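Predicted, not measured: the structure shown is a model, and the values here were computed from it.
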Amino acid sequence: MTFSSVPAALSDSDYVIVGVAHCFTKQDGEVLPVKVLEPVPSAYFEALLKGVPTSYKTLYSLRLGEVVKDDQPSSAHIPLAADVQFCEDFVERALAAARTYQTKAEIQDMVPHGQEFSEMNFTTEKKRILNASHNVTAEDNVKQHKYTHMTL
């Protein structure tokens with residue numbers, strides 16, 4: 001990488017893609033659907049173009065200033081945003097995602113500013129549960145051969 005290819009500082013006019021992810025939460029033993037708005041980095045967008053299964057149904061190409069105003073998330077430029085919640089650390093993730101598009105002009109040409117993109121392999125077969133917790137038990141221990149820690 002040369003110094004001339006290092007991205008410049010961010011501005012409100014920088015390109016970013018955000019997506020509506022169809023996730024789930026566990027509450028009282030039930031799995032409930034929830035829609036979450038998340039910034040999508042360019043590398044993940046490129047994976048989506050190759051058909052990777054995803055929980056994203058729709059992506060929106062916007063300017064950074066349209067999704068972050070005064071260091072707060074904004075959904076004013078996103079259609080049907082009334083029933084969508086922001087992901088954790090949305091502002092920091094949006095800034096990071098915007099940096100990834102600074103050197104990806106081909107993506108900006110493919111999905112111009114203000115456009116929706118929905119040509120993805122959307123599936124909820126493998127549910128993305130946001131508040132899942134894994135309790136480690138003794139059964140989770142890997143059984144090892146009795147000679148594993150011995151010098152033979």
Q) More than 12 heavy atoms of other residues, nucleotides or ligands under 6.0 Å from CD of Glu106: is that the case? A) yes

Q. Going only through I, L, V, M, F, W and Y residues with side-chain contacts under 4.5 Å, is there a path from Leu64 to Tyr101?
A. no

(Q) Under 4.5 Å between side-chain heavy atoms, counting indirect links through other Ile/Leu/Val/Met/Phe/Trp/Tyr residues: same cluster for Val91 and Val20 or not? (A) yes

**Q.** Backbone of Gly114 reached by a side-chain donor or acceptor of Ser61 within 3.5 Å
**A.** yes

(Q) Please tell me whether Phe45 and Phe117 form a close aromatic pair, meaning their ring centres lie under 6.0 Å apart. (A) yes

Q.
If you apply the rule side-chain contact (heavy atoms from CB on, under 4.5 Å), what do you find for Leu48 with Asn121, and how did you get there?
A. CA-CA 7 Å; Leu48 294 177; Asn121 185 9; over 6 Å; no

Q. Below 4.0 angstrom, N of the basic side chain to O of the carboxylate: do Glu46 and Lys104 qualify?
A. yes

Q: Tell me whether Val40 is reachable from Leu49 by hopping between hydrophobic residues (I, L, V, M, F, W, Y) whose side-chain heavy atoms are closer than 4.5 Å.
A: yes

(Q) Taking CD in Glu116 as the centre, count heavy atoms belonging to other residues, nucleotides or ligands within less than 6.0 Å. Is the count above 12? (A) yes

Q | side-chain contact (heavy atoms from CB on, under 4.5 Å) between Thr124 and Phe24, worked out | A | CA-CA 9 Å; Thr124 57; Phe24 298 87; 4.2 Å; yes

Q | Minimum heavy-atom distance between Val68 and Ala94, given as atom pair plus value | A | CG2-CB, 4.0 Å

Q) Does Tyr44 belong to the same Ile/Leu/Val/Met/Phe/Trp/Tyr cluster as Ile107, with side-chain heavy atoms less than 4.5 Å apart forming each link? A) yes

Q.
Pair Ile17, Tyr60 - check side-chain contact (heavy atoms from CB on, under 4.5 Å), show working.
A. CA-CA 5 Å; Ile17 291 180; Tyr60 302 96; over 6 Å; no

Q) So do the side chains of Val31 and Thr25 get within less than 4.5 Å of each other, counting heavy atoms only? A) no

Q: Answer yes or no: is there a side-chain heavy-atom contact under 4.5 Å between Cys23 and Pro33?
A: no

Q. Are Asp14 and Arg63 close enough that some pair of their side-chain heavy atoms sits under 4.5 Å apart?
A. no

Q: Run the numbers on Leu62 and Tyr15 for side-chain contact (heavy atoms from CB on, under 4.5 Å), then give the verdict.
A: CA-CA 6 Å; Leu62 300 167; Tyr15 180 91; over 6 Å; no

Q. Looking at Phe122 versus His22, is the centre-to-centre ring distance below 6.0 Å?
A. yes

Q) Would you call Glu38 and Arg128 a salt bridge, taking side-chain N to carboxylate O under 4.0 Å as the test? A) yes

Q. Which atom pair, heavy atoms only, marks the closest approach of Pro39 to Cys87?
A. CD-SG, 3.8 Å

(Q) For the CG atom on Asp71, are there more than 12 heavy atoms of other groups (residues, nucleotides or ligands in this structure) within a distance under 6.0 Å? (A) no

